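Residue numbers count from 1 along this sequence. Computed from a prediction, not measured in an experiment: that's the story for all the values here.
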Amino acid sequence: MGIAEPSESLEPAVWHYGRSAVVLHWALALLILATTALGFYMTSIEDDPGSANYFEWHKSIGIVIASLVLVFVFYRLTHVPGKLPSSVPLWQARVAHTTEALLYVLMVVVPVTGYLGASHSKAGVQFFGLTTPKWAVPDHATAEQFFGIHSVLVFALMALVALHIAGALTHALWYKDTVLRRMWFKR
């Protein structure tokens with residue numbers, strides 16, 4: 001007669017990020033991984049004919065990422081997420097919050113340093129073939145400084161992404177709790 005199973009009635013509802021946050025999260029994840037792979041590839045063929053196309057794609061995707069990060073940060077500032085499950089130890093919650101904060105910082109700073117480096121390069125910045133306004137005088141030394149910072153920050157970002165993925169998978173596969181489901185698409 002519609003009597004709920006004891007586990008169904010006692011289990012609290014799993015808090016879930018909104019659809020916009022989930023879509024932004026996974027779109028950014030895919031774009032960041034793709035443009036990072038593209039970045040490593042393009043720098044390995046930097047002097048080959050046709051390599052400029054890869055650099056232009058990398059810059060264009062970087063601008064898309066920067067735009068989506070701004071939207072994501074705004075969304076995050078206006079939508080407070082639910083608390084982690086009480087089963088998550090305090091030290092893990094602290095690591096998760098610190099990692100998340102550093103990810104946000106790097107998702108802003110990495111595209112900015114790349115953009116500044118490209119702005120000071122002879123090639124400048126194009127967005128999917130459209131030339132953007134030039135505001136900086138080409139200066140190879142300045143461009144290389146920004147590109148050096150950009151490269152170091154990319155490695156830091158990838159380390160944090162790896163930590164983020166490891167944490168999510170640990171909760172899904174080891175602890176078998178609801179942490180990963182919070183940022184997954186609802187069924």
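In this structure, the side chains of His150 and Leu116 stay at 4.5 Å or more apart for every pair of heavy atoms. Ile63 is listed as a side-chain neighbour of Val125, based on a closest heavy-atom distance under 4.5 Å. Within the 4.5 Å cutoff, the side chain of Met183 has heavy atoms near those of the Val22 side chain. Val88 places none of its side-chain heavy atoms less than 4.5 Å from the side chain of Lys83.
The hydrophobic cluster containing Val110 also contains Leu24, counting ILVMFWY residues as joined when their side-chain heavy atoms lie under 4.5 angstrom apart, directly or transitively.
Using modelled atom types, one side-chain atom of Ser44 and one backbone atom of Tyr41 make a donor-acceptor pair closer than 3.5 Å. Judged purely by atom type and a 3.5 angstrom limit, Thr35 has no side-chain atom pairing as donor or acceptor with the backbone of Leu31. Not one N or O on the side chain of Arg76 forms a donor-acceptor pair closer than 3.5 Å with the backbone of Tyr104. Lys186 places no side-chain N or O within donor-acceptor distance of the main-chain N or O of Arg19, the cut-off being under 3.5 Å.
The ring pair (Phe, Tyr, Trp, His ring centres under 6.0 Å) test applied to Phe74 returns no partner, not counting sequence neighbours. In this structure, the side chain to side chain donor-acceptor pair (under 3.5 Å) partners of Ser119, at least two apart in sequence or on a different chain, are Trp135. Under the rule for a side chain to side chain donor-acceptor pair (under 3.5 Å), His16 has no partner lying at least two apart in sequence or in another chain.
Within a 6.0 Å radius of OH in Tyr75, other residues, nucleotides and ligands contribute more than 12 heavy atoms.
A distance of 8.0 Å separates CD1 of Ile32 from CG of Leu103, quoted to the nearest 0.5 Å. Interatomic distance, Leu169 CG to His164 NE2, rounded to the nearest 0.5 Å: 10.0 Å. Here CE of Met42 is found 12.0 Å from CG of Asn53. Values are rounded to the nearest 0.5 Å.
Ring planes of Phe155 and Phe40: tilted class, angle from 30 to 60°.
A ring-centre distance under 6.0 Å is found for Trp57 and Phe128. Ring pair His120/Phe146: centre-to-centre distance below 6.0 Å.
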